[in-house]
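Note on naming: letters A, B, ... go to the chains in the order of the sequence lines (proteins, then strands), and numbering restarts at 1 for each one. Only heavy atoms go into these numbers, but all of them, side chains included; no hydrogens, no water, no symmetry mates. As the structure is a computational prediction, the values presented were derived from the model and not from experiment.
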2 protein chains.
Amino acid sequence: MTSSPAAPDPAPHAVGARGDLFDPLCPTRRLLDRIGTKWTSMVVKVLAEADPAEVRFAELRRRMPGVSQKMLSATLQSLARDGLVARRVEPTVPPRVHYRLTPLGLSLDAPLAAVRAWAEQHMPEIDRANRAADESAADRNDEQ
Amino acid sequence: MTSSPAAPDPAPHAVGARGDLFDPLCPTRRLLDRIGTKWTSMVVKVLAEADPAEVRFAELRRRMPGVSQKMLSATLQSLARDGLVARRVEPTVPPRVHYRLTPLGLSLDAPLAAVRAWAEQHMPEIDRANRAADESAADRNDEQ
DNA sequence: CCGAATCCTGAGGGATACTG
DNA sequence: CAGTATCCCTCAGGATTCGG
């Protein structure tokens with residue numbers, strides 16, 4: 001991905017004059033850079049489905065097996081920076097930090113749900129296609 | 001990305017009891033690994049909107065400023081492997097190779113369109129959030 | 001309990017040159 | 001024209017450690 005933390009945007013010039021959806025500023029490209037990042041979409045999904053909308057860091061982590069604290073932390077920062085999640089700190093000791101989706105973040109869940117639906121419905125076909133491709137490759141190896 | 005060329009799928013086991021969307025085999029994760037890849041979604045979009053559904057390699061390349069032949073080639077291979085695009089070779093000399101979306105690939109354009117729509121509609125808000133975050137950061141630097 | 005800082009690797013992806 | 005091979009650099013992201 002291109003963005004995430006530390007992307008100074010080295011090119012302050014006008015990139016493409018017109019609505020060139022194909023320059024690095026293409027909104028779709030930029031959004032995909034975000035949600036394509038490993039844990040982002042998962043956080044959005046988990047928070048979108050969380051019943052008390054607010055979830056603590058540790059709880060969030062428990063609901064996402066496999067995520068490291070570093071990446072969860074980084075992902076949440078990124079999302080907060082983008083205005084997709086909100087942070088609330090309880091000034092207790094030790095501090096309790098809660099996260100929830102903002103309305104903007106919640107609205108992102110809709111297109112993401114579409115993607116999820118497509119994935120669950122069609123990934124088997126993709127797997128079949130892959131197996132077929134592998135077989136053809138094997139065949140070409142078997143050829144005399 | 002996890003997949004692409006050379007992904008032996010080391011785990012032939014049952015995909016987690018049930019809808020464990022959180023193991024590496026999560027369909028959504030795998031799909032995002034694909035469409036999150038830099039040029040994939042662009043190819044799908046371009047091919048979905050192409051009027052003669054079939055487009056030659058060079059033409060495709062012209063419609064996607066910035067893509068290198070290497071990456072376009074790799075992307076098309078990947079998509080073909082996944083059964084999302086079909087390749088047709090005209091046995092002339094020099095050879096002409098045409099690409100088009102399969103029905104599966106075409107169906108993927110729907111959820112992608114949803115993502116595109118969201119992006120164009122909401123990226124400005126994200127940009128605003130980012131600027132706001134930057135300002136707060138600057139403020140914290142200005143503090144005495 | 002929450003998160004920042006550092007180290008290290010593996011893979012994505014650009015530029016260029018070569019083959020059929 | 002289409003595709004492959006090589007070089008190289010950047011960066012996601014995992015493990016670990018330190019701080020408040």
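Between B/Arg81 and A/Asp134, at least one side-chain nitrogen of the basic residue sits less than 4.0 Å from a carboxylate oxygen of the acidic one, meeting the salt-bridge criterion. A salt bridge links A/Lys45 with A/Glu49: the closest approach of a Lys/Arg side-chain nitrogen to an acidic carboxylate oxygen falls below 4.0 angstrom. Taking the charged nitrogens against the carboxylate oxygens, A/Arg62 and A/Glu59 do have a contact shorter than 4.0 Å, which makes a salt bridge. Look at A/Asp127 and B/Arg30 and you find a salt bridge, because one of the NZ, NE, NH1 or NH2 atoms lies within 4.0 Å of a carboxylate O, short of that distance.
Across the helix from C/dC1-D/dG20 to C/dG20-D/dC1, the helix axis at one end is tilted relative to the axis at the other end by 30° (nearest 10 degrees, each axis from five pairs).
Just one of B/Pro27, B/Ser107, B/Pro111 meets the side chain to side chain contact (heavy atoms under 4.5 Å, CB included) condition when paired with A/His122; it is B/Ser107. For the side chain to side chain contact (heavy atoms under 4.5 Å, CB included) test with A/Ile35, the passing option among A/Val44, A/Leu108, A/Leu84 is A/Leu108; the others fail.
For B/Arg56, a side-chain nitrogen or oxygen approaches OP1 or OP2 of D/dA2 to under 4.0 Å. OP1 or OP2 of C/dG13 lies within a sub-4.0 Å distance of a side-chain N or O belonging to B/Thr37. Contact between the side-chain N/O atoms of B/Arg87 and the OP1/OP2 oxygens of D/dG3 is found at a separation under 4.0 Å.
Following rounding to the nearest Å, A/Arg88 (CZ) and C/dG3 (P) show an atom-to-atom distance of 13 Å. Put simply, CZ on B/Arg62 is 14 Å from C1' on D/dC1, counting in whole angstrom units. Between B/Arg34 atom CZ and C/dG13 atom P the separation is 14 Å, expressed in whole Å. Computed from coordinates, the B/Arg96 CZ to C/dG20 C1' distance equals 17 Å when rounded to whole Å. If you take CG of A/Asp33 and P of C/dG12, they are 15 Å apart, rounded to a whole angstrom. In this entry the distance linking CZ of A/Arg61 with C1' of D/dG13 reads 14 Å, nearest Å. For the pair A/Leu79 CG and C/dG3 C1', the computed distance is 16 Å after rounding to whole Å. Rounding to whole angstrom units, CD of residue B/Gln77 and P of C/dG13 are separated by 15 Å.
In terms of modelled atom types and a separation under 3.5 Å, the side chain of A/Arg87 and the main chain of A/His98 share no donor-acceptor contact.
Partners of B/Thr40 by side-chain contact (heavy atoms from CB on, under 4.5 Å), not counting sequence neighbours, listed by chain and number: B/Thr37, B/Thr75, B/Leu79.
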Open item on the list: Using a 4.0 Å heavy-atom cut-off to protein, can you give one letter per nucleotide of nucleotides 14-20 of chain D, 5' to 3': B if the base is in contact, S if only the sugar-phosphate is, - if neither?
Closed with: BBB----
Task: Derivation and outcome, side-chain contact (heavy atoms from CB on, under 4.5 Å), residues A/Leu76 and A/Phe57 - done: CA-CA 9 Å; A/Leu76 286 168; A/Phe57 185 90; 3.9 Å; yes
